[in-house]
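Worksheet: the structure to be examined is printed underneath.
Below, chain A is the first sequence line, B the second, and so on; all start at residue 1.
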Amino acid sequence: MLVNTVQIPVPMIAYLIVSLIMMFAGVYGFLTRKNLIMILISIELILNAVDINFAVFNRYLFPAQNEGLFFAFFTIAIAACETAVAIAIIINVYRRFGNAEVDNINTMQE
Amino acid sequence: MAEQIIFYILAIVIVVFSILAVSSKLVIRSATYLLFVLIATAGLYLLLNFHYLFAVQIAVYAGGIMVLFIMAIFLTHKPGATMNQRMSWKVKSSAALAVSGLLISGYIIIKNVVKVAGYLKGDELSMQDLGHSMMGTQKYQYLLPFEVISVLLLACIVGAILIARKETGNDPKENVKDK
Amino acid sequence: MSSFLKYISGIYTALKSLLIGLTVTWKELWTKKVTMQYPENRETLVISDRWRAELIMPHDDNNEHACTACGICMMNCPNGTINVISKMVETEEGKQKKALDKHIWDYGMCTYCNLCVITCPSDAIIFSNDFEGAVYNREKLVHQLNKEGSKLREKKKEPVAATPKPQPTAPKEPVTQKDEAPKASNDATDKAENKTDL
Amino acid sequence: MLLTYSQPLELTNVSKALDTFLKTYMADFWAYLIEFVIVGVAIIATYAIIALALIYIERKITAFFQARLGPNRLGKYGWIQSLADMVKILIKEIIHINNVDKFLFYTAPFFVIVASFLAFGAIPFGQGLQAVDFNIGVFYVTAVSSLGIIGILLAGWSSNNKYSMIGAMRSGAQFVSYELSGAFALMTIVVMSGTMQFSEMVEGQRYVWNIFNGHISSIIAFVIYMICGHAETNRGPFDLPEAESELTAGYHTEYSGLQFGFFYLAEYLNMFIIAAIATTVFLGGWMPVQIKGLDGFNQIMWYIPSWAWFVGKTGVLIFMSLWVRWSFPRLRIDHLLNLEWKYLLPINLVNILVMVIIVLAGLSLSDLFPKLFGI
C-alpha cells in the first residue's frame, strides 16, 4: 500500500550501496573478531547483504520472475541451518575450553 | 516521497547498526544491533513489496536465529564481560581491506548500474502463485530445492543435537577421549 | 504397541481430569461471594469475642478500676508496650500505699499476644473488640488506659469475712452493675490469691 | 457482496464519510496522510482502552472465581479502578539500577510492546476495520509476535539479577517451543480455508465457522492453539517464567514504573491478540451468525454491528483463558516441555495430515453439505 501511493521509486543503486556497506561491515567483523559468536554475527551480516541484493535484482531487473525471491528464501533457510550447527559447535567449544574464542581451536582433536 | 523517506531511514539504520554490530565490545549488544539490522532489512523487503519474504525474514531471523544467538550468549558469556580484540595491526589491515573492497565494489556498481535503471512496479505476490512456484516441478518452479533444503534442515537439527548433547554419566572430557 | 496405547490413554485421562477441574471452578464461579464490605456493613458486622484489638481497662460507674499498679503486665510484655507509672498515696489510716498513676499502652508496638491479660492478678485489663484504631499520627497511638481521676476499687473487708466464698462460676468480665461490682472485685482478689498460691 | 444487508451501526460508514469529506477539501496525498495519522491514533487508543478493560475484567473474574467481589470502591462496581492504576503507574518513579547494561535495559520493554503492537495492527476488528490486510496475515502475525521474546530475553539478561535471568531463560524455552505448535495449528486451518489473508478467511466462514467446518481436525487444532496461546503469553498454568513464589517476578523483577507498565500492558494485550486471532481463524471473526437461505434472520443478525460480534466472541475466549488460569496449578518446567514436544507437536503433525485428507477427500462440512454451508 505504501509503495503504490508513491510515484518516484528509490533508485536501485541506493539499495545496492546499503547492502554493500553491510557486506563489508560483515567482512571487517569477520576478520577482526576472535569471538566465535561475533564471527557468526558477521557472517549473518554478509548473508543478509546478499539477500537484499537478490531481492533488489529481482524487483528491478526481472520483475516478471521470482528467482531472486526464492534464492533469498533458500539463503535464509541455509543461514538458519548454519547457525544451528555453529551454535551447537560453539557451546561444545565452550564446554571444552571455558570460552568461545577461535584461538583455542588449533587442532580438531586432542 | 514517503517511500524515499522510509527508505533512507531504513538505510541509515542498517548502515549505522551494522557498523556498530561489528565494532561493539559487548557481544550481547552486537547481537542486539544485528537484530536491528535484520529488522530494517525486513523493512526493505516490505518496501520492495515482498511481503512473504518480509515475514520469513522476521520469523526466521528475529524469531529463530536471534533467539538462538542470545541463548548461546547466555550460555557462554558472563554479563558485562568485554571481548578481546585482535592486535591493532591486524585490525588496521582488515579495516583497510574492507574499505578498499568497499571502494572497488562501489566504483563498479556506480559505473555499471546506472545503465540498467529499469523499475517496474510489481504488485504483492499472491500466495497461490508463490505456493505453486514453490511446489511445482516445471521451469522456474522449486520443488527440488525446497525438498533439498528440508533434508538439509533435518540433517542440521540432528547434527546440532548430536554435537551439543552432553554425554551422560561420566566426565564429558573422558568420554571424548574414549572415542 | 502397549506404549502407544499408554500414550493415548494418558491423553484421555489427562483431558478427563482437566474437564473435572474446569467443572469444579465453574461451580465456584457462581457461589455466593464472601467478601464483607466493611464501612457499609458496620451494623451487621460480627467480630469474634476472642478478637484482640485494643487493650482497655474497664472502669465502673464510680470511676474505679481494679489495677493495683503491681507492674506484672509491664514485666510480662515481650516488647515493652506497657508502662505502668505508680505513685504513693496516703490512705485514711495514714499509711503510704502504692497506687496507679498512669497505665500507658502503646498501640503501635503491641503484638496482641495477650500475655498481660493472662498474667494480670486482678483482671484489671482486657482486650476489647473495638478494632477501628487508625489515627493520623503516632503520638495518638500511645493510650493512657486509666481515666482521669480514677482510683483503685476498694476491697470491702467485712463482706469477705461474712460471706466466705461467692459462686464458683464468677463472671470473668468485670461487671459494671453497681450491686455486683464489689462482688466481682472480691471474686477477682480471691482468684488472684488462688493464682499466687499455685 | 455483503452490502445486500443493511448495517446501520457499522463503523465503516463513519470512516467512508470521513474519507469523502477529506478528499473534497484537499489533495489526495494530504488526505491519506491525515487518514494514516487518524488510523494510528485510533489503534493506539484502542490498544490502551482494551488493555484497561482487560485488566478490570481480569480482576473481576478472578475475584468471582475465588468467591470475592474484586475491585468495588472506585466508581460503580469499581470500573475506574484500572484507570486509577494506570495513572499511578504513569507517575511512579522509574528506578535506575546500578551495574546493568543501560542500553539493553531500557530498550527491552520496547521490544515487547512493539511486538504486541505490530500484531495488534493486523487484527480485523470488524468489517473493514483492519489497519493492514496483508495477504500473508496469519504468517505475519506469528512472525511479528515472535519479536517479543527477544525483549524478554534481553530484559532478563540486562537486569543483572539471577531471578530475572532464570525467568527469561524459561520464558525463551517455553515461547520458542510453543510457538511451533501454535503456528502449526494455525497452518492446519490455512490448509482448509486456502488463504492466509484474514479478510478472506472471515469471508470464507460465512455460513460455517472453521472450527465446525473441519470437524475433528479443526477442534483439535483449536484446542492446541489455545493451549499454545496460553503458553506463549506466559499465562494460565504456564506462568512459570514469572512464578512469583520461586522467581519473585521473573524477567521484569527489576523494572518499575512505566517500564513495568509496558510489560504488563503487553502481557494483557498478548492475551487479547491470541483470543482475537483464535476468533478470526476459528470462530468466524467479525462475521455475524448466518444461515443460508434465511434472509430475515440474517438481516436481524446484521443489525448487530460486526465489531460487536468480534468483541463478543473474543470476550468468550478471554473468559475461557481466565477460567483455565484459575483452574489448574502451575506446570513444572520439564512437564511443560514434555507437553509440547511429546504431545502437542506429534498430535499437531498428525492433525495437519488429517486435515489435508479432509480437504482433499471433500469431507469438510461445506463440501459435504454445499446447500447448507457452501458459499
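- Side-chain atoms of L97(B) and Y28(A), non-hydrogen and from C-beta on, never get closer than 4.5 Å to each other.
- Distance check: K25(B) NZ to N35(A) CG gives 13.0 Å after rounding to the nearest 0.5 Å.
- Looking at A86(A), there are no atoms closer than 4.5 Å to chain B (heavy atoms on both sides), in backbone or side chain.
- Under the 4.5 Å side-chain criterion, counting only non-hydrogen atoms from C-beta, I65(B) is in contact with E44(A).
- Neither the backbone nor the side chain of A49(A) comes within less than 4.5 Å of any heavy atom in chain B.
- With contacts defined as side-chain heavy-atom distances shorter than 4.5 Å, the pair I37(A)/F69(B) qualifies.
- Contacts with chain A were tallied for V56(B), I157(B), V148(B); V56(B) has the most, counting heavy-atom pairs under 4.5 Å.
- Under the 4.5 Å side-chain criterion, counting only non-hydrogen atoms from C-beta, L44(B) is not in contact with V56(A).
- Checked against a 6.0 Å centroid threshold, the rings of Y52(B) and F73(A) count as neighbours.
- Residues T41(B) and M22(A) are in side-chain contact: their nearest non-hydrogen atoms beyond the backbone lie under 4.5 Å apart.
- Listed options S93(B), A98(B), A155(B) were ranked by heavy-atom pairs under 4.5 angstrom with chain A; first place goes to A98(B).
- Side-chain atoms of S94(B) and F30(A), non-hydrogen and from C-beta on, never get closer than 4.5 Å to each other.
- No more than 12 heavy-atom neighbours from other residues, nucleotides or ligands sit within 6.0 angstrom of CZ on F146(B).
- Environment of CZ in F7(B): crowded, with over 12 heavy atoms of neighbouring residues, nucleotides or ligands closer than 6.0 Å.
- Distance CD1/I21(A) to CD1/I19(B): 6.5 Å, rounded to 0.5 Å.
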